[in-house]
Amino acid sequence: MAAPCSRMASRPICQFITNVRRTGLKHTGVRQISLGSACRAATQTRSKTESVASPWKLYGAVCLQRLPVISQERNPIEDQFAELMHQMELERSLLSDHEQRLLEDSERMTRKQADNYDSDEEEADYGGQETITAQDQEDTWEQKLKHFQPALRDRDVGGTPLGSVERCLGDSLVLLVQQTVGKETIWLLPQAQWEAGETLRQTAERGLSSLPEADFKATFLGNTPCGVYRYKFPKEVRTERCVGAKVFFFKAFLSAGSASQKEPFLSAGSASQNEPFLWVKKTELQGYLKPPYLEKVDRFILNL
Amino acid sequence: MIDCLSSIPLQASFALHSRVLDQAGLLFRLAFSNERQYRTMPTHGIGKYKHLLPKEAPKKKKERQQMKQIKTATDAEYGTLNVKVSGYDMILVEHYSQYIHNLCNRLGVKVAESYALPTKSTEVMVMPEQGTKMYVDAILKTHERIVQLSQLNATLCPTFMEVLLKNQPEGIQLSVKLHTEADYQARFKARPELEGLMAQMT
């Protein structure tokens, strides 16, 4: 028990570079996160022999989240307030360069059309007519705007299956997989058993990469776990040496380029047995996770 | 006899009283004008107080800007980190950097510095299909703000980063890097004459 935690703490964190960008919808359904060279000093594994092995089995799990791609829609109140603020700012603001140019041009036009127009005097002031007026520029810009077609906010008109990453683009989703623990197959966050000689974070990374049929590229945020779930085995399985298991959760974000993604099945609503993994929102976790497990997991998943 | 005796103190008291009044008048005059009494006068040095105050250090000339020490990472904390917020929309960039600063204050992360880098203007030139001459389509300005954190706890880091990422506005790029001396030097303007002279010297 003490071994992996202390090893984690003693690993000096030398460099880490994170580069995060919000990309447009058409590239991927996922935000680009790239982790630069994180060179760590060589870990010196503690060579002290543990005379008493702890009775708990250790697992490292990863809470892989896909960040929202587009902004959330506003409430009616937020809408009204935003409009009000916009109106107030408009009324208080001063004229910009472009608007001033518009005004000057329109004044010049009215003066031109007046009867007592003296072209020499006008041109002496300005030094020659400008070829493009501000109004012309505005017209060209409006034309360009008409050609622009914004993409639809949600692509799932019919309702994409739960296994697709591009599900609810405005919310953050968590990855759930089906694994056999003991005798049953249950939904949980991807995990792997800890082996001697590796840190728990590496266990979590291994758990993520060993998922069948899916190749997710994740960026882990730090070396410290964000939560722990401890449970005892049922009495039949319990022996002297393993009383129960402890699962340590690590947070990670899905970075761009999750390569081989299966074609999502066009099935309705609930997850069928065929799908190996699910992307769910925090509110939907209740339908899949067991209550004691859910209680611990709920604590560290932020609902922002 | 008694009258004599009683009268003398009275006269003396009168004299004393008059001298006190004189002195009071003198002090009053001295207080409201810049007169000082001459060295031989008994009131010489009356009203001096500066010698009674504690000595203050002589005022130093302002020194050249020195770089603050760049902290290195320890086992439990990260070193000096630069959180760079950049984007085209200045309002969003400013508000997001202020949000990060306030969040750090609330969470107890020490903010070493918070500054802005110069704005970079990018001209977007469009070449029409028919002609060869390019014309300016638009000017995009990239604004950058940097919040420098000094002691970010390793246990706090994942939560902190998650909050930052989840609250990132549209069109804003966030980047977290280690602070180096090159970053510090990049903020200063290049001085070509000085560099020319230094090159001549060596």
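Chain letters run A, B, ... following the sequence lines, proteins first, then strands; residues in each count from 1.
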How far apart are the closest heavy atoms of A/Leu302 and B/Glu162, and which atoms are they? CD1-CD, 3.8 Å

Does [atom1] belonging to [X] count more than 12 external heavy atoms closer than 6.0 Å?
X        : atom1 : result
A/Asn75  : CG    : yes
B/Met127 : CE    : no
A/His86  : NE2   : no
A/Leu90  : CG    : yes

Could you state the interatomic distance from CG (B/Leu165) to CD (A/Gln65), rounded to the nearest 0.5 Å? 10.0 Å

Do A/Thr224 and B/Pro158 come close enough that some side-chain heavy atom pair is under 4.5 Å? yes

